[in-house]
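Here is the structure we will look at, set down as structure tokens.
All residue numbers refer to positions in the sequence shown, counting from 1. As a basis for the values below, the full set of heavy atoms in this structure was taken, side chains included, without hydrogen atoms, waters or symmetry mates.
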Amino acid sequence: MPTAVQVTKTGGPEVLEPAEVDVAGPGAGELLVDVAAAGVNYIDTYQRQGIYPMELPFVLGLEGAGTVVEAGDGTGFAPGDRVAWQGSIGSYAARKLVPASVAVRVPEGVSLETAAATMLQGITAHYLVASTFEVKPGHDVLVHAAAGGVGLLLVQLAKARGARVIGTVSTEEKEKLAREAGADEVIRYDRDDFAKLTRELTGGEGVDVVYDGVGKDTVDGSLASLKVRGLLALFGASSGPVPPLDPQRLNAGGSLYLTRPTSVHYTRTREEIDWRSKELFDAILAGELTVRIGGKYPLADARRAHEDLQARRTTGKLLLIP
């Protein structure tokens with residue numbers, strides 16, 4: 001059985017190679033972890049393609065969960081502890097060294113698979129609604145790809161904060177999932193003009209914030225969906241990178257704001273990591289947040305997971321199981 005999924009050259013899903021990779025013992029501040037599940041994310045596809053340059057060869061994967069086998073000095077963890085992490089490359093593996101600085105304890109009552117499915121996309125959804133644009137009661141929010149991994153979490157977290165949520169989806173099945181997550185309105189952006197309908201649903205005003213992880217295919221409509229002084233949080237580009245944008249468009253659209261946030265800038269301190277992960281785990285334990293695992297693949301089938309993700313055949317979170 002392969003112990004990791006390695007990238008030796010950039011390209012399509014076919015460059016993902018199951019491989020035997022040795023893992024050393026932990027140094028100071030490190031944890032040696034038996035990985036129970038690794039999360040699959042769009043950023044993995046960007047790294048695989050070379051859009052985000054990486055030093056070759058490397059093992060993909062930025063998040064996962066598992067059990068500590070051995071703890072280095074000064075970590076505060078012990079063998080047997082259940083931990084999860086995001087922001088540590090090399091998670092597509094059966095065993096991994098995890099910096100204790102990014103590891104969080106998984107509380108009893110939360111499975112390791114759920115924890116792995118929560119970390120990167122959950123923390124992304126959390127910083128988007130709590131920090132990038134602090135959603136409050138009365139806000140109108142537009143969430144693209146509302147049945148995706150981040151989208152389903154965004155819908156739930158924004159609703160919990162008192163917002164009216166409009167979601168966009170591309171299929172009937174995804175519309176059902178978005179509504180089950182709490183979306184007040186759902187637009188089929190594969191067949192309808194979502195900007196026009198968003199304006200109509202908001203009495204011509206537009207929404208306070210658009211959370212857009214789609215990118216090239218939606219950015220124009222996202223800007224057109226905003227109210228005066230609204231904010232476009234462009235946190236991903238599943239349809240491709242957004243072309244250069246003239247700032248004058250922000251003026252013409254109503255003194256709009258545009259930001260391109262990323263997780264590393266919202267998890268800069270231990271306190272921030274603990275705050276975000278605790279709120280997510282607490283919500284899961286309270287039954288207030290459902291993390292949908294849309295697909296589980298053997299570690300050696302990472303290629304198929306990437307193919308399904310990029311073809312938009314999936315909903316919720318995809319996991320690799322060593």
Side-chain angles (χ1 to χ4, degrees), residues 42 121-170 174-190 192-215 217-239 242 250 253-263 266 276 279-280 283 288-292 315-316:
Y42 256 99
Q121 292 181 335
I123 284 178
T124 297
H126 187 279
Y127 78 66
L128 286 170
V129 302
S131 303
T132 303
F133 180 95
E134 188 177 0
V135 175
K136 296 180 179 178
H139 280 147
D140 287 318
V141 171
L142 177 63
V143 176
H144 284 308
V150 178
L152 287 170
L153 299 174
L154 276 172
V155 170
Q156 293 176 79
L157 293 178
K159 280 298 295 180
R161 287 172 164 263
R164 178 192 185 202
V165 178
I166 303 168
T168 70
V169 298
S170 58
K174 292 179 178 182
E175 178 179 353
K176 182 173 182 288
L177 289 171
R179 291 191 187 279
E180 288 174 353
D184 297 283
E185 306 286 349
V186 180
I187 298 170
R188 288 282 300 275
Y189 66 155
D190 59 319
D192 296 320
D193 182 340
F194 72 83
K196 178 174 180 290
L197 288 179
T198 297
R199 286 278 173 192
E200 291 175 1
L201 289 168
T202 55
E205 288 292 307
V207 295
D208 296 275
V209 60
V210 178
Y211 294 120
D212 189 341
V214 178
D217 290 352
T218 51
V219 64
D220 291 332
S222 293
L223 289 170
S225 299
L226 288 166
K227 67 168 51 173
V228 171
R229 302 204 313 252
L231 181 141
L232 169 55
L234 189 68
F235 65 92
S238 62
S239 68
V242 172
L250 305 179
S255 296
L256 305 177
Y257 294 88
L258 169 65
T259 184
R260 179 57 177 90
T262 193
S263 181
Y266 287 89
R276 299 194 193 286
E279 287 206 350
L280 291 166
E288 297 167 355
L289 181 66
T290 299
V291 179
R292 177 181 170 80
T315 59

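- Between Leu258 and Leu250 the shortest side-chain heavy-atom distance falls below 4.5 Å.
- Relative ring orientation between Tyr189 and Phe194 is described as perpendicular, the plane-to-plane angle rising above 60° on a 0-90° scale split at 30° and 60°.
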Q: Report the C-alpha distance between Thr132 and Thr259 in whole Å, list the side-chain angles of each, state the deciding distance to 0.1 Å, and finish with yes or no for side chain to side chain contact (heavy atoms under 4.5 Å, CB included).
A: CA-CA 8 Å; Thr132 303; Thr259 184; 3.7 Å; yes
Pair up each side-chain donor or acceptor in residues 121-129 with any protein partner under 3.5 Å, not counting sequence neighbours, and list the distances.
from, atom 1, to, atom 2, distance (Å)
Thr124, OG1, Leu120, O, 2.7
His126, ND1, Arg276, NH1, 3.0
His126, NE2, Glu279, OE1, 2.8

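- Rounding to the nearest 0.5 Å places OG of Ser222 at 13.0 Å from OH of Tyr211.
- Side-chain contact between Leu223 and Leu232 is present, with heavy atoms from C-beta onward closer than 4.5 Å.
- Between Val141 and Asp208, the closest side-chain pair of non-hydrogen atoms is not below 4.5 Å.
- Contact check for His144 versus Val210: side-chain heavy atoms found under the 4.5 Å cut-off.
- Side-chain contact between Thr202 and Val207: present, with at least one pair of heavy atoms (C-beta onward) separated by less than 4.5 Å.
- Between Arg161 and Glu134, the closest side-chain pair of non-hydrogen atoms falls below 4.5 Å.
- Here the side chains of Leu256 and Arg229 are not in contact, with every heavy-atom distance at 4.5 Å or above.
- To the nearest 0.5 Å, atom CZ of residue Arg179 and atom NZ of residue Lys174 are 16.0 Å apart.
- Comment: Lys227 does not engage Asp140 in a salt bridge, judged by the lack of any side-chain N to carboxylate O separation of less than 4.0 angstrom.
- Among Asp193, Asp192, Thr198, the single residue meeting the side-chain contact (heavy atoms from CB on, under 4.5 Å) criterion with Lys196 is Asp193.
- Between the side chains of Arg188 and Ser170, no donor N or O sits under 3.5 Å from an acceptor N or O.
- Between Leu231 atom CG and Tyr257 atom OH the span is 8.5 Å, to the nearest 0.5 Å.
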